[in-house]
Amino acid sequence: YIYISGLKAGRCVEIPRRVAREERPKRRPDEKKEEKMLFLRGMMPRLNLPVPVAIALLYILFVFPVMGMAYYELKSRRARARTPKGCRKLGLHDGHSNLHDEHEYSTDGLKQGQEKSGPRIKALIAYPIKSCRGIEFNFTHFKDSGLAWDRRFCFAEYTSDDNDDEDNGKSGHWDAKTLRNGTYSRLALIRPELWIPDPTSPTYDKRLRSVKSGGLLLIFYPRDTSRLPPWTRLGIKLGLLESEDWFSIPLNPPQDSSEYPLEELRLFSIPTRATRYSTHVPAALAEFLGSKKPLGLFRVHAEHVRVAVGNAPSERELGYVPDKAFSDEYPLQMQSMGSLRDMHGRTQYAIPQLSVRRFRPNVVVEGVGAYKEDAWKMIRLVSSGSEGEEEDGVDVHVCCRTVRCKLPNVDPDTGERHAVEPDKTLRGTRVIDAGAKGGCLGMMLVPSRPGRSNILIYAYDDDANGCRL
């Protein structure tokens, strides 16, 4: 209570505090708003600006830059976390491609306004994992097995045999899986990265696992967002969270290790032996691919090579045994831009933009009219400044045309398989070999020149530097 002295001595008036509060006049709503505005004015610099303008300046000059720096730092930390120490990445930089203008070509193999200068290499692509995404190079090496690191790995599914032989301890076998398998079209979305030791790196150390194994293969695959909460999906869309899961494996696993056993692998029902990475493949990857059976990853073994036969030149003619790694029949596959654009015109009703990446070539050639390469028997790759002298180039045997299966029906960007195209058009217009049931597009190659198959080849750049045919 508050005691207030009255007018007469010895007399007081007693007033409850709660009553005094009730008798206070109420403030108008506009008075509260004015008080808030005065509070905000006190927070802003004295620039004699209206409060909304001052708030906008605060966000532009302070809040947004801080958020941008935080986002950049978060992205940089994620990139550093998946960068192997002591290594450098092979291939073109992220976001760069020599095929960025592939849809600007016409059936003569040239872009509009481009001068005709003869056939030349536009792009070089290696596919470290069979049926997975490729890696583009500006320059790379010809090996006895084609391009360096091309199709050295593949995924396989373990299948139990019906007639198990318990005495021999055999209960099943590994079957290699490719984009030919209808349920494995998502292989096209798996993105490999090649990292090799770099002595100039500040983090280089001979004791590192990545250095001891001759490098690492990083394997990325999309995260399954269907089971994630909404806020996690929002973070992925905003780039605050990773949109891919990944794991790494050594490029050259140690010999005589129980973790990397040598096992039988069947590729198109033909048995071979390869090194299996027994503990590296995560369960999430098998779930992403829709595999209901155990999933394994295999690497070619140096003592169990797959030799190119069929129309390939003999060992006596080549001077070496052509190794095709996990390729279907031959070490190299070439595709012409002119032929691709002609096929694009035939299939445009179903596929608005037919990409050359659907056909998974190693060498993409420009400056050649549609299907002119069908008659080639031998080509020589020479540098742009060479006159084609023998010591300046490498000869490549053109073994046969590439008979196409339904693999090009898979969109490399989405992993979705078209119901009919381009297989339908290929079978209807390009069955040109008597012994082939499917349509032909592209050519199969085997490099020659014994002792020079490790030659360096270049894709043409904007300055007209590269290899021509």
Side-chain angles (χ1 to χ4, degrees), residues 119 121 124-127 130 139-154 176 252 262 264-275 298-336 360-363 365 368 372-383 386-404 432-436 440 442-458 467-469:
I121 295 177
L124 298 166
I125 313 172
Y127 306 88
K130 188 175 179 64
F139 59 90
T140 187
H141 291 270
F142 263 159
K143 302 285 188 180
D144 292 349
S145 57
L147 296 189
W149 296 111
D150 184 52
R151 294 173 172 89
R152 310 301 292 180
F153 300 84
C154 76
N252 300 291
L262 182 64
E264 182 178 298
L265 172 69
R266 296 185 185 180
L267 182 59
F268 307 129
S269 301
I270 301 175
T272 184
R273 295 184 69 80
T275 302
F298 285 78
R299 187 196 189 284
V300 294
H301 194 277
E303 297 180 1
H304 299 273
V305 298
R306 300 174 66 244
V307 180
V309 291
N311 294 327
S314 64
E315 179 182 357
R316 184 178 61 181
E317 185 176 358
L318 288 175
Y320 73 98
V321 178
D323 171 16
K324 61 182 180 180
F326 285 140
S327 298
D328 291 359
E329 295 295 338
Y330 300 92
L332 288 167
Q333 200 263 116
M334 181 188 68
Q335 183 61 60
S336 161
R360 305 181 65 77
N362 297 115
V363 181
V365 179
V368 183
K372 294 293 185 181
E373 69 276 13
D374 286 346
W376 290 357
K377 300 298 182 183
M378 176 83 74
I379 59 178
R380 173 172 293 174
L381 303 180
V382 295
S383 62
S386 172
E387 297 298 329
E389 296 179 359
E390 183 178 356
E391 62 272 11
D392 294 325
V394 56
D395 291 336
V396 179
H397 290 266
V398 182
C399 300
C400 63
R401 304 178 182 98
T402 306
V403 182
R404 295 296 177 180
I432 57 177
D433 278 346
C440 299
M443 307 299 289
M444 306 303 294
L445 313 177
V446 172
S448 63
R449 300 294 299 275
R452 296 285 306 279
S453 60
N454 196 27
I455 193 171
L456 195 65
I457 58 173
Y458 295 82
C467 286
R468 57 185 175 84
L469 281 68

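- Take F298 and apply the ring pair (Phe, Tyr, Trp, His ring centres under 6.0 Å) test, not counting sequence neighbours, and it matches W174.
- The side chain to side chain donor-acceptor pair (under 3.5 Å) check on K324 picks up nothing, with sequence neighbours excluded.
- Taking the side chain as every heavy atom from C-beta outward, V446 and V396 never approach each other to under 4.5 Å.
- Every side chain to side chain contact (heavy atoms under 4.5 Å, CB included) that D374 has, sequence neighbours left out, goes to Y371, R401, R430, I432, M443.
- For R152, the salt bridge (charged side-chain N to carboxylate O under 4.0 Å, His left out) partners are D323, not counting sequence neighbours.
- With rounding to the nearest 0.5 Å, the separation of CG in L124 from NE2 in H141 is 12.0 Å.
- Residues satisfying the side chain to side chain contact (heavy atoms under 4.5 Å, CB included) test with S314, not counting sequence neighbours, are R316, E317.
- Considering all non-hydrogen atoms of both residues, Y330 and A312 come closest at CE2-N, 3.6 Å.
- A search for side chain to side chain contact (heavy atoms under 4.5 Å, CB included) contacts involving V368 returns P119, S336, V365, K372, E373, W376, not counting sequence neighbours.
- Inter-residue side-chain proximity for W149 and L147 is flagged as unmet; no heavy-atom pair is nearer than 4.5 Å.
- Here OG1 of T140 is found 9.0 Å from CG of D150. Values are rounded to the nearest 0.5 Å.
- Using a distance-only test at 3.5 Å, with no hydrogens or angles considered, a donor-acceptor pair links the side chain of Y127 to the main chain of P361.
- When the side chain to side chain donor-acceptor pair (under 3.5 Å) test is applied to Q333, the partners found at least two apart in sequence or on another chain are R404.
- Within the 4.5 Å cutoff, no side-chain heavy atoms of V300 are placed close to those of V305.
- Closest non-hydrogen pair, A274 versus L265, comes out as CB-CD2, 4.3 Å.
- Sorted pairs that involve residues 303-313 and meet side chain to side chain donor-acceptor pair (under 3.5 Å), not counting sequence neighbours, are lacking altogether.
- Taking both residues in full, the closest heavy atoms of P331 and G146 are given as CB-N, 3.8 Å, listed atom of the first, atom of the second, then distance.
- Counting heavy atoms from C-beta outward, R299 and N252 have side chains that approach closer than 4.5 Å.
- Considering CG of L318 and CG of D395, their distance stands at 11.0 Å, rounded to 0.5 Å.
- Residues passing the salt bridge (charged side-chain N to carboxylate O under 4.0 Å, His left out) test with R273: none are found, sequence neighbours excluded.
- The distance from the CG atom of D328 to the NZ atom of K130 is 4.0 Å, given to the nearest 0.5 Å.
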